[in-house]
Amino acid sequence: MQERNDMTMQTKLLAWYEANARKLAFRQNRNPYFIWISEIMAQQTRIEAMLPYFENFIRLYPDLPSLAQADDESLHKAWEGLGYYSRCRNLKKCAIECVERFDGRLPSTKAELKTLPGIGDYTAGAIASIAFGEKVSAIDGNVVRVFSRLYDVRADVTKAATKKQIARLVDDSLCEPIEAYNQALMELGAMVCTPKNPKCDQCPVAAWCQTDEPETLPVKPEKKARRVERKHVYVWTDGKGFHMNRRPKTGLLANLYEFDETMPDEVVRTEPLAPYTHIFSHVEWQMDATLVFVKEDAGFYSVDQIENELALPSAFAPFFEEAREKIDEDVENEKE
DNA sequence: AAGTCGGGGAC
DNA sequence: GTCCCAGACTT
């Protein structure tokens, strides 16, 4: 075990963080609104993936009151491709509640934040500590991994008792400045104490780490096989635009747009589209698709509308891309 | 306690 | 292919 040099784990970690933290846009200030948006976007999402969404989102909705009045269609469009779409609906709900309950601002304590939609234990702790300096924990997947290794916790971390055990360990470790400490733990997990091939030789707190098998931690239950669903997608086109339907307002891809799953009544001709399999966390869609030409219809959405206004899930994007190429070819052929 | 809810990057 | 990500919510 390496020499601790009388320094505390916290001191070493904070020094490491100061020197090595990624310079992230939403860390440039402590605007609670920005912290909140970035934390919601970061849920189950890699930081690099949400960064461009964050920039676009705060441009569209620069403050909490503007978000409270957001148009639902535009809101979903701003979230298109990011996944877990209930997050953006809860954002607006939360903004409205803050206007009604907290004078148009986010509350400053973890306890109050947890009462708001979309804000659970982690996010409440993150906002309270990072934006407001409250000395509370913010335990995300990174922190669970870091502490399961630091204390060689070999119990299933998805169990309530293990969560409580780790929460206790984290709580006992908290120090000031809390906003730096909480972020340092997460940064360590993201950059050094990684799920695979952890860089223990570069770890600032290796001297305090009790495990000799970091790659086996944290322990989680085996994942169950995802179910497979077969679908046939019919992309109706009038040669200019496409017919699309809004999905139900609950369930998978709620409120987003999709193509049809049935043939229209009157068909001019059809063309096959490339099959595509889309993998979700717990379900797999194996899709065949057909482009169906129908007579001109004023009710169809233009390519421009679909691109700029409708939230189209990634699961259907390949069909849209191929179909628009085919109708472009069609226009070229007619010119000849 | 278990299931639902997206998408993609790293391996 | 697998894993899992600055998780929250419903059942």
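Naming: A, B, ... by sequence-line order, numbering from 1 per chain.
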* Asked: Below 6.0 angstrom between ring centroids: does that apply to A:His278 and A:Phe280?
  -> yes

* Is a salt bridge present between A:Glu271 and A:Lys326, judged by a nitrogen-to-oxygen distance below 4.0 Å? -> yes

* **Pairwise side-chain contact, A:Glu97 with A:Pro117, heavy-atom cut-off 4.5 Å (strictly under)** => yes

* Asked: What nucleic acid atoms does A:Leu252 come within less than 4.0 Å of, heavy atoms only: base, sugar-phosphate, or nothing?
  -> sugar-phosphate

* Asked: Can you tell me how far P of C:dT2 sits from NE2 of A:His282, to the nearest Å?
  -> 16 Å

* To do: Provide the distance between the two P atoms, one in C:dT11 and one in B:dG6, to the nearest whole Å.
  => 15 Å

* Base, sugar-phosphate, or nothing: which does A:Gly189 touch, judged by heavy atoms less than 4.0 Å apart? -> nothing

* Identify whether any heavy atom of A:Ala138 sits under 4.0 Å from a base atom; if not, whether one sits that close to sugar-phosphate; answer base, sugar-phosphate or nothing. => nothing

* To do: Could you pick out which residue, A:Ser314 or A:Thr158, lies toward the 5' side of DNA chain B when each is mapped onto its nearest nucleotide?
  => A:Thr158

* CD of A:Gln28: more than 12 outside heavy atoms within 6.0 angstrom? -> yes

* Asked: Got a second to check how far A:Trp79's CH2 is from A:Cys88's SG, nearest 0.5 Å?
  -> 6.0 Å

* Asked: Taking CG from A:Asn142 and P from C:dC4, how many angstroms apart are they, rounded to a whole number?
  -> 12 Å

* To do: Could you check how far CZ of A:Arg46 sits from P of C:dC3, rounded to whole Å?
  => 14 Å

* When all nucleic acid strands are considered with a 4.0 Å heavy-atom cut-off, which category describes A:Arg145: base, sugar-phosphate, or nothing? -> sugar-phosphate

* What is the nucleic acid contact for A:Ser86, judged by heavy atoms within less than 4.0 Å: base, sugar-phosphate only, or nothing? -> nothing

* Structure fact -> When rounded to whole Å, the CE to C1' distance for the pair A:Met191 and C:dC5 reads 14 Å

* To do: For A:Gln44 and C:dC5, give me the distance from atom CD to atom P, rounded to whole Å.
  => 7 Å

* To do: Between A:Tyr85 and A:Lys196, name the one whose nearest nucleotide on DNA chain B is closer to the 5' end.
  => A:Tyr85

* Considering only NZ, NE, NH1 and NH2 on the basic side and carboxylate oxygens on the acidic side, decide whether A:Lys220 and A:Asp156 come within less than 4.0 Å. => no

* Asked: Is A:Arg22 salt-bridged to A:Glu187, cutoff N-O under 4.0 Å?
  -> yes

* Check whether any side-chain heavy atom of A:Glu134 sits under 4.5 Å from a side-chain heavy atom of A:Ile178, and report yes or no. => no

* Could you tell me whether A:Glu179 and A:Arg30 make a salt bridge, using a distance below 4.0 angstrom between a side-chain N and a carboxylate O? => yes

* For A:Glu48, which contact category applies under a 4.0 Å heavy-atom criterion: base, sugar-phosphate, or nothing? -> nothing

Extract from the structure each pairing of a protein N or O with an N or O of nucleotides 8-11 of chain C at less than 3.5 Å, listing the distance.
unit_1 : atom_1 : unit_2   : atom_2 : d
C:dA8  : OP1    : A:Gly120 : N      : 2.9
C:dA8  : OP1    : A:Gly120 : O      : 3.4
C:dA8  : OP1    : A:Thr123 : N      : 2.9
C:dA8  : OP1    : A:Thr123 : OG1    : 2.8
C:dA8  : OP2    : A:Tyr122 : N      : 3.4
C:dC9  : OP1    : A:Gly118 : N      : 2.3

* Does anyone know the first and last nucleotide of DNA chain B in reach of chain A, 5' to 3', at under 4.0 angstrom to a heavy atom? -> B:dA1 to B:dC11

